[in-house]
Number of protein chains: 2
Amino acid sequence: MKIYNLDKVKSIFNRYLEDKKLRKTNERYIILEDIYNRNDHFDADDLFISLKSRSTRISRATIYNTLDLLVDCNLVSRHQFGKNKTVYERSYGFAQHDHLICYECDKVLEFCDPRIHNIQNMVEEIFGFNVVKHSLNFYGVCTDQQCEGKKKVE
Amino acid sequence: MKIYNLDKVKSIFNRYLEDKKLRKTNERYIILEDIYNRNDHFDADDLFISLKSRSTRISRATIYNTLDLLVDCNLVSRHQFGKNKTVYERSYGFAQHDHLICYECDKVLEFCDPRIHNIQNMVEEIFGFNVVKHSLNFYGVCTDQQCEGKKKVE
DNA sequence: ATCCCTGCAAAGGGTTTGCAGACGC
DNA sequence: GCGTCTGCAAACCCTTTGCAGGGAT
């Protein structure tokens, strides 16, 4: 499952910072490490809380700043699941995938389908466009009767 | 191009309001009309400004309220193009479509591809999910050299 | 007459910004 | 030591909420 190691990720970030002539601050590495110790979709505030509990004292400003860098160097991907809120996930060493979001329990499932690339190729050709990334989300209702999250629905 | 007429749209809304036992206020119909006189992606504030210039005096609260109703009865669709901001477009009489967003000029293009439904079917089967809607966006850079919007890029 | 809907303004939540001090280089 | 990065808090933007008055039924 874990198809990366933390040193590899850090060295990629390291190189990125050097290339861009940015400073290698402790905060940036602590944030990177925290992210790669999670395996969920998290938002900036989740990170803030998680970091605070580790008795570090990293501000939201730094978190947002660092997330921008990590997204830029492809170590983290950024998503919006239709709620005007940004969520992130680690991405190095994990297959590209898309998401399935349940309206009733907010569960997020992941899937891959190569056909999306065929669509992408077509679109690039037809419109004269260089696609950098895509976002495909399916929204609906899971049919899992045991689903705990469903309690939440009013 | 215009494959709807305003009366039809109004009567759909009318029926919806009756079914839900909601009141038929002037404001609601004025907003619906304003939306169907546009042919772009707009946000709540665009509507607010547009309505103000018609010397109506419709508040943001009413606009947000009405947009929720119109989305609920499928006369308007709601999107997020990766900027934590919601945009809308009229949807009755227009083919379902997905979007292509240019990072450099913010242009939004539209396309249809039936393969997305194949992916959807597969996902529903595999995960036991009833998909209600999907959102597929491609982000990239248009290769249009004459593109006016590109000036905006810093 | 009821009570839902409206306008207004304030509050809310997530994100960005400004600034003075800290620290990587 | 220079100049960037940080923490903090205020500002910001979009959206939601509370409330009193108004209009649909």
Side-chain angles (χ1 to χ4, degrees), chain A residues 10 13-34 41-73 76 78-88 106 154, chain B residues 10 13-34 41-73 76 78-88 106 154:
Chain A
K10 281 185 185 171
F13 192 34
N14 209 37
R15 184 138 27 117
Y16 171 82
L17 294 175
E18 284 172 3
D19 285 354
K20 297 269 180 175
K21 307 217 182 323
L22 298 169
R23 292 186 179 166
K24 300 174 191 165
T25 65
N26 273 331
E27 290 81 359
R28 289 175 173 170
Y29 288 101
I30 292 171
I31 291 170
L32 176 61
E33 198 171 323
D34 206 82
H41 297 93
F42 57 91
D43 62 29
D45 215 53
D46 292 332
L47 259 190
F48 179 71
I49 292 167
S50 155
L51 289 162
K52 196 155 63 174
S53 74
R54 291 173 56 191
S55 66
T56 62
R57 189 204 271 285
I58 295 182
S59 71
R60 277 174 239 269
T62 301
I63 288 172
Y64 280 104
N65 170 22
T66 303
L67 281 169
D68 284 346
L69 302 178
L70 291 171
V71 169
D72 190 46
C73 67
V76 167
R78 194 195 309 264
H79 308 287
Q80 283 175 257
F81 295 145
K83 289 195 287 289
N84 274 344
K85 207 180 102 173
T86 306
V87 298
Y88 302 85
D106 287 336
E154 67 278 28
Chain B
K10 281 184 185 173
F13 193 33
N14 209 38
R15 181 138 29 116
Y16 171 82
L17 294 174
E18 285 171 4
D19 285 354
K20 298 269 181 176
K21 306 217 183 321
L22 298 169
R23 292 186 179 166
K24 299 173 190 167
T25 65
N26 275 329
E27 288 81 0
R28 288 175 175 171
Y29 287 101
I30 292 171
I31 291 170
L32 176 60
E33 198 171 322
D34 205 83
H41 297 92
F42 57 90
D43 62 30
D45 215 53
D46 292 331
L47 258 190
F48 179 71
I49 292 167
S50 155
L51 288 162
K52 196 155 67 175
S53 74
R54 292 173 55 191
S55 67
T56 62
R57 189 204 268 287
I58 295 182
S59 70
R60 276 175 240 267
T62 300
I63 288 172
Y64 281 105
N65 171 21
T66 304
L67 282 169
D68 285 345
L69 302 179
L70 292 170
V71 169
D72 189 45
C73 67
V76 167
R78 195 197 306 266
H79 307 286
Q80 282 175 259
F81 295 144
K83 290 194 287 286
N84 272 347
K85 208 181 102 174
T86 305
V87 298
Y88 301 86
D106 287 336
E154 68 277 26

*Can you tell me if the side-chain N/O atoms of B/R23 get under 4.0 Å from OP1 or OP2 in C/dT6?*
no
*Find the distance between CZ (B/F48) and CG (B/D34) and round it off to the nearest 0.5 Å.*
12.5 Å
*Within the distance-only criterion (no hydrogens, no angle test), does the side chain of A/D43 pair as donor or acceptor with the backbone N or O of A/V87 below 3.5 angstrom?*
no
*Looking at B/T25, does any N or O in its side chain come under 4.0 Å of the phosphate oxygens OP1/OP2 on C/dC4?*
no
*Of B/T86 and B/N26, the one whose closest DNA chain D nucleotide lies more 5'*: B/T86
*Is any side-chain N or O of B/R60 under 3.5 Å from a base N or O of C/dG7, one able to act as donor and the other as acceptor?*
no
*asked:* If you assign B/N84 and A/R28 each to the DNA chain D nucleotide with the nearest heavy atom, which residue ends up on the more 5' nucleotide?
replied: A/R28
*Is A/N65 touching bases, backbone alone, or none of the nucleic acid, heavy atoms closer than 4.0 Å?*
sugar-phosphate
*Is any side-chain N or O of B/T62 closer than 4.0 Å to OP1 or OP2 of C/dG7?*
yes
*Taking CG from B/L22 and C1' from D/dG23, how many angstroms apart are they, rounded to a whole number?*
15 Å
_Are more than 12 heavy atoms, taken from residues, nucleotides or ligands other than B/R54, located less than 6.0 Å from that residue's CZ atom?_
yes
*5'-most contact on DNA chain C: A/K24 or B/I63, nearest heavy atom basis?*
B/I63
